[in-house]
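Below is one structure; the comments refer to it alone.
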Amino acid sequence: MMVRGLNFGGDKLSVQSDIEILSIKAMETYAKRNHISGEEAISIFHQYQVFEKILIQHEYLHQVDFEEVMEYVEQIILEDLHSLVVFHGTTKRFEQIDLKKSHNRRDFGMGFYTTILEKQAKEWAYRLSLREKTKVYYVYQYTFEENEQLKIKRFDGLNKEWLEFIRKNRSMGGLQHNYDIVIGPVADDNTMETVQLYISGILTADEAVERLRYNKVNNQISFHTAEALNYLKLVRRVSYE
């Protein structure tokens, strides 16, 4: 696999190969941790010139462990990424977000749910329109400015903690935590059967995690407090029929 757009500028094949392998591993790890596709990760890496910066720091990065490589990569993106673009799919037209109108027993509790993937938000809205038998559905685009004052919970994968978090919110309803924002995988059609078997006690946490290991999932970012919504700004609303 060749990394598109890399200009190594050297004549040693071994160095070029090492850099390419490291870049691909970092890209695939970033995609997995952020629950996005490989193509989307490639786009982000090119946008923030991550491949080129790995090349520049090649000798240093080969002297540290891979987790430090990922910290370097994530810092590159965080320094350049001043705001996060998120999308919300729905059949409702509204001007202000009302947390009280959230459906109950959601993955991360009652809140306003978004995703970094516009295509995913559109698909959610379309499916909702079929269930509600409405002709029009909407995708809202927002920018989220992260602030250190916010209490944010991040789930890196389909693990025991994620399972238990979902079990509490889906079983007990309401909001079973005190986070402003939660970021993590979606318990969607691909995973819901396993999650339900865990909630009902048929599967243990270990058995459920093992079954979920190879599932491809999308991501979601949920906002749960008025304070969190202060950092969410509407960009546009697009309607579809």
Side-chain angles (χ1 to χ4, degrees), residues 27-48 74 77 81 83-94 97 99 101-103 105-132 134-146 152-159 162-163 165-166 169-170 179 181-196 212-224 228-229 231-241:
M27 181 198 67
E28 290 176 341
T29 301
Y30 184 83
K32 182 178 180 180
R33 289 183 179 180
N34 290 276
H35 316 294
I36 60 178
S37 70
E39 286 300 315
E40 288 161 337
I42 289 174
S43 176
I44 290 172
F45 270 45
H46 278 287
Q47 181 180 357
Y48 298 106
E74 289 167 359
I77 296 171
L81 194 59
S83 63
L84 184 66
V85 177
V86 297
F87 301 90
H88 172 77
T90 181
T91 56
K92 303 296 188 292
R93 182 184 175 94
F94 57 84
I97 299 169
L99 292 173
K101 291 186 177 180
S102 168
H103 292 295
R105 302 183 187 277
R106 303 287 301 274
D107 287 357
F108 300 154
M110 293 184 67
F112 184 71
Y113 282 72
T114 69
T115 173
I116 61 173
L117 306 176
E118 183 173 10
K119 181 179 179 182
Q120 179 180 314
K122 184 177 179 181
E123 178 66 19
W124 284 347
Y126 173 67
R127 291 185 181 185
L128 189 59
S129 72
L130 293 179
R131 289 200 298 269
E132 296 181 355
T134 58
K135 293 182 178 180
V136 181
Y137 57 98
Y138 304 92
V139 173
Y140 292 73
Q141 179 182 332
Y142 296 87
T143 55
F144 166 55
E145 300 284 346
E146 187 167 335
I152 301 176
K153 175 63 179 176
R154 290 180 170 86
F155 291 100
D156 292 331
L158 305 173
N159 53 34
W162 176 81
L163 269 174
F165 194 82
I166 288 179
N169 285 293
R170 282 188 170 268
Y179 297 109
I181 296 169
V182 182
I183 302 172
V186 179
D188 58 11
D189 293 343
N190 295 323
T191 59
M192 185 48 67
E193 179 183 359
T194 300
V195 171
Q196 292 289 10
L212 291 169
R213 178 178 296 181
Y214 301 106
N215 281 83
K216 183 182 182 300
V217 295
N218 292 316
N219 87 307
Q220 58 189 354
I221 303 170
S222 53
F223 298 78
H224 301 281
L229 295 181
Y231 299 93
L232 196 62
K233 306 300 180 185
L234 178 64
V235 176
R236 64 189 175 106
R237 175 180 55 219
V238 180
S239 62
Y240 298 93
E241 293 186 20

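The pair Arg127-Glu123 meets the salt-bridge criterion, with a side-chain N (NZ, NE, NH1 or NH2) lying under 4.0 Å from an Asp/Glu carboxylate O.
Taking the six-membered ring wherever Trp is involved, the centroid distance between the rings of Tyr140 and Phe94 falls below 6.0 Å. You'll find the ring centres of Tyr142 and His88 outside the 6.0 Å limit.
In this pair, Phe165 and Tyr179 present their aromatic rings tilted. The plane angle is within the 30 to 60° band.
With contacts defined as side-chain heavy-atom distances shorter than 4.5 Å, the pair Val186/Gln120 qualifies. With contacts defined as side-chain heavy-atom distances shorter than 4.5 Å, the pair Ile97/Phe223 does not qualify. Side-chain contact check for Lys233 versus Glu145: every heavy-atom pair is 4.5 Å or farther apart. Looking at heavy atoms from C-beta onward, Gln141 lies in side-chain contact with Val85 at the 4.5 angstrom threshold. Contact of the Tyr231 side chain with the Ile181 side chain is not registered, since no non-hydrogen atoms from C-beta on lie closer than 4.5 Å. Trp124 places none of its side-chain heavy atoms less than 4.5 Å from the side chain of Val139. The shortest distance between side-chain heavy atoms of Lys92 and Glu132 falls below 4.5 Å. You'll find the side chain of Leu163 reaches within 4.5 Å of the side chain of Leu212, heavy atoms only.
For the residue pair Leu158 and Pro185, the shortest heavy atom distance occurs at CD2-CB, 3.5 Å. Of all heavy-atom pairs spanning Asp107 and Gln220, the tightest one is OD2-NE2, 3.1 Å. In this structure, Tyr113 and His224 approach most closely via the heavy-atom pair OH-CE1, 4.1 Å.
Within the cation-pi definition used here (under 6.0 Å to the ring centroid, within 45° of the axis), Lys153 qualifies as a partner of Phe155.
Remark: side-chain polar atoms of Ser129 are not paired, donor with acceptor, to backbone N or O of Thr91 under 3.5 angstrom.
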